[in-house]
Amino acid sequence: MNSPAPFDFDFFVIGAGSGGVRAARMAAGFGAKVGIAEERYFGGTCVNVGCIPKKLFVYGSRVPHDHRVAEGYGWQGPAPSLDWPTLIANKNTEISRLNGVYRRLLEGAGCPILEDRAVLVDAHTVAVAGRHYTARHLLVATGGWPFVPDIPGKEHAITSNEAFFLPELPRRAVVVGGGYIAVEFAGILQGLGAEVSQIYRGDLFLRGFDQETREFLAGQMRHKGVDLRFGQDIARIEKRADGLHLTLRDGSTLACDVVLYATGRRPNTADLGLEQCGVQCDKTGAIVVDDTYRTNVPSIFAVGDVTNRVNLTPVALAEGMAVARRLFGGKETQVDYDYIPTAIFSQPPVGTVGYSEEEAQKRFGAIKVFTSTFTPLRYTVSAEKERSFMKMIVSASDDRVVGMHMCGEEAGEIMQGFAVAMRAGATKQQFDTTIGIHPSAAEEFVTMREPTRT
Ligand SMILES: Cc1cc2nc3c(=O)[nH]c(=O)nc-3n(C[C@H](O)[C@H](O)[C@H](O)COP(=O)(O)OP(=O)(O)OC[C@H]3O[C@@H](n4cnc5c(N)ncnc54)[C@H](O)[C@@H]3O)c2cc1C
């Protein structure tokens with residue numbers, strides 16, 4: 001597709017993260033002339049300070065656990081000790097490699113990369129490093145950024161961004177927040193050897209997930225030694241010679257070396273020129289889009305975390321692809337937000353797809369709930385124990401499986417495949433007639449015969 005004058009580009013993308021890179025590459029693949037601006041790092045949050053380094057940290061933090069399990073299998077020898085700089089350096093090396101991969105993907109697709117901050121000037125123009133570029137269509141894929149609430153001493157707190165670059169492993173860490181990032185970091189730091197407290201102002205973390213699964217995870221985390229404090233919040237942080245002193249809302253105090261706030265992220269829309277162009281944002285600062293990701297300014301689109309809808313990498317990718325296909329591939333593609341599987345890389349991890357029991361009751365009325373709690377085979381000969389919990393929710397009227405939740409080893413891996421079955425409308429009877437893989441934890445999902453409750 002040739003770029004018709006007077007535009008420099010057919011498509012200009014702001015932000016080379018998950019959504020932006022995917023949209024740019026696909027659009028270029030359809031023959032569009034594409035430009036992209038990135039102000040910080042290639043691959044965005046996921047690659048640099050999100051999914052990837054987080055999962056590497058999770059793997060690293062499981063080593064002491066695996067060593068304790070190994071003793072039950074007869075392996076002897078001293079427990080390995082952590083060299084923190086090696087972990088950080090190796091993680092950084094892998095991230096740099098991925099930055100290079102993303103850069104080459106864009107270069108290979110023929111997208112000129114402008115390595116600077118871009119701002120919108122008008123409905124068809126962006127400014128990058130003092131130069132103006134015009135495009136028929138603009139895509140804002142600038143992601144989000146963590147914030148620390150306004151409390152005295154907030155300057156002593158860190159966010160997940162800094163947690164990936166700490167100079168040393170803290171001996172005592174406090175994680176604040178009840179979302180999945182807070183839960184994951186509590187597990188990582190505890191697994192690596194820190195004393196961890198997690199503070200959350202609500203009555204139980206992971207709001208919106210299945211209640212029983214949340215309770216099960218809380219039990220497992222407490223069993224591992226994470227000090228979970230619900231219904232609590234920090235009122236003040238003070239820095240003293242021996243570390244940070246936290247005063248909680250109830251007046252109690254807590255000392256630590258690091259306090260990590262994972263209490264929320266805001267869409268990256270400040271000073272982006274959106275107001276000047278008349279692009280509508282909601283009260284959280286998120287860009288408002290229709291179901292084709294078009295803003296109220298017809299030539300400007302937005303995908304991913306900047307729209308603050310489903311803030312997950314695969315969703316940003318799907319949205320980016322939908323925009324590129326629609327604008328340049330001649331295909332109307334709708335992203336289907338039903339039954340999006342997700343994992344929380346807690347310890348043990350949670351994998352989930354579909355409705356929680358609470359939501360299913362509201363939506364389907366009569367439901368059947370099947371549950372199973374067990375010790376996985378791996379732990380039967382080990383002093384180190386980690387229990388697993390599985391739950392399946394079935395709509396009683398049509399036997400359709402509408403919710404599956406697991407807290408236990410490999411939950412994320414297990415749930416991906418079941419998500420396909422659920423999206424295809426699988427019934428409980430079809431699960432029951434599927435032969436299990438034995439011995440595995442996943443087979444439990446095809447052998448749940450009697451409901452726990454109806
Ligand atoms: C700690 C953590 C763990 C996570 N774990 C998971 C996980 O396990 N699984 C999962 O699916 N999701 C996870 N996420 C969420 C996931 O990272 C995001 O949903 C995803 O990265 C969103 O992609 P995006 O394209 O919208 O934005 P981003 O990936 O954030 O990319 C936005 C890009 O835009 C750039 N940018 C911003 N403003 C400008 C500007 N004005 N000019 C030029 N460039 C600009 C930024 O530098 C950035 O590179 C995690 C997030 C965090 C913080």
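Just follow the structure's listing: the first ligand is 1, and inside any ligand the first atom is 1. Just so you know, these numbers use all the heavy atoms, side chains as well, and skip hydrogens, waters and symmetry mates.
Outside the 6.0 Å centre-distance limit, the rings of Y180 and F345 are not counted as a close aromatic pair. In this structure, the ring of F445 has its center no less than 6.0 angstrom from the ring center of F431. Two rings, from F12 and F7, have their centers 6.0 Å or more apart. Ring centers of F30 and F328: at least 6.0 Å apart, outside the cut-off.
Judged as a salt bridge (Lys or Arg N to Asp or Glu O under 4.0 Å), the pairs with a partner in residues 182-191 (not counting sequence neighbours) are, in order, K54-E184. Every pair passing side chain to side chain donor-acceptor pair (under 3.5 Å) that includes a residue from residues 301-312 is listed here, sequence neighbours excluded: N308-N311, R309-Y337.
At the top of the distance list for atom 42 (N) of ligand 1, counting protein heavy atoms only, stands A118 N, 2.9 Å. Of all protein heavy atoms, the one lying nearest to atom 51 (C) of ligand 1 is Y180 OH, 3.8 Å. Protein heavy atom in closest approach to atom 29 (O) of ligand 1: T45 N, 3.0 Å. For atom 2 (C) of ligand 1, the nearest non-hydrogen atom of the protein is G50 CA, 3.5 Å. The nearest heavy-atom contact from the protein to atom 53 (C) of ligand 1 is R265 NH1, 3.2 Å. Of the protein's heavy atoms, E38 OE2, 2.6 Å lies nearest to atom 47 (O) of ligand 1. What sits closest to atom 39 (C) of ligand 1 on the protein, heavy atoms only, is E39 OE2, 3.4 Å. Taking atom 34 (O) of ligand 1 as the reference point, the nearest protein heavy-atom neighbour is G15 CA, 3.2 Å.
Using a 4.0 Å cut-off to heavy atoms of L312, the atoms of ligand 1 that qualify are 10 (C), 11 (O), 12 (N), 19 (O). Residue contact check: Y41 has heavy atoms under 4.0 Å from atoms 49 (O) of ligand 1. Listed by number with element, the atoms of ligand 1 under 4.0 Å from a non-hydrogen atom of G19 are 25 (O). Counting atoms of ligand 1 from 1 in the listed order, those under 4.0 Å from a heavy atom of G17 are 25 (O), 29 (O), 31 (O), 33 (C). Those atoms of ligand 1 with a heavy atom of K54 less than 4.0 angstrom away are 3 (C), 4 (C), 5 (N), 6 (C), 7 (C), 8 (O). Ligand-side atoms of ligand 1 in range of L272: 41 (N), range being under 4.0 angstrom from any heavy atom. Using a 4.0 Å cut-off to heavy atoms of P314, the atoms of ligand 1 that qualify are 11 (O). The atoms of ligand 1 that sit less than 4.0 Å from any heavy atom of G304 are 26 (O).
Contact detail for K33 and D8: the closest heavy-atom pair is NZ-O, 3.0 Å. Counting all heavy atoms, side chain and backbone alike, C111 lies closest to I36 at CB-CG2, 4.5 Å. Considering every non-hydrogen atom in both A118 and A37, the closest pair reads CB-CB, 3.7 Å.
Contacts between I181 and ligand 1, counted as non-hydrogen atom pairs separated by less than 4.0 Å, involve the side chain only. If you look at T342 next to ligand 1, there are no close heavy atoms at all, none under 4.0 Å. When non-hydrogen atoms are compared, ligand 1 lies under 4.0 Å from the backbone of T313 as well as from its side chain. Neither the backbone nor the side chain of V315 has a heavy atom within less than 4.0 Å of ligand 1. The residue K55 has no part lying near ligand 1, judged by heavy-atom distances below 4.0 Å. Residue C51 touches ligand 1 through backbone and side chain together, judged by heavy-atom distances below 4.0 Å.
For atom 26 (O) of ligand 1, the nearest non-hydrogen atom from the set D305, V13, D116 comes from D305. Nearest residue to atom 32 (C) of ligand 1 from A141, G44, A163, G144 is A141 (criterion: closest heavy atom).
Contact check for E212 versus E357: side-chain heavy atoms found under the 4.5 Å cut-off. For the pair M392/H405, no side-chain contact is recorded, criterion being any heavy-atom separation below 4.5 Å from C-beta on.
Looking at E386 and K224, a side-chain N of the basic residue comes within less than 4.0 Å of a carboxylate O on the acidic one, giving a salt bridge.
Between F230 and F205, the ring planes are perpendicular. Angles over 60° get that label, and only those under 30° would be called parallel.
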inquiry  = Let's go through H65 and Y379 carefully: what are the C-alpha distance in whole Å and the side-chain angles of both, what is the deciding distance for ring pair (Phe, Tyr, Trp, His ring centres under 6.0 Å) to 0.1 Å, and is it a yes or a no?
reply    = CA-CA 11 Å; H65 167 88; Y379 296 109; 5.6 Å; yes
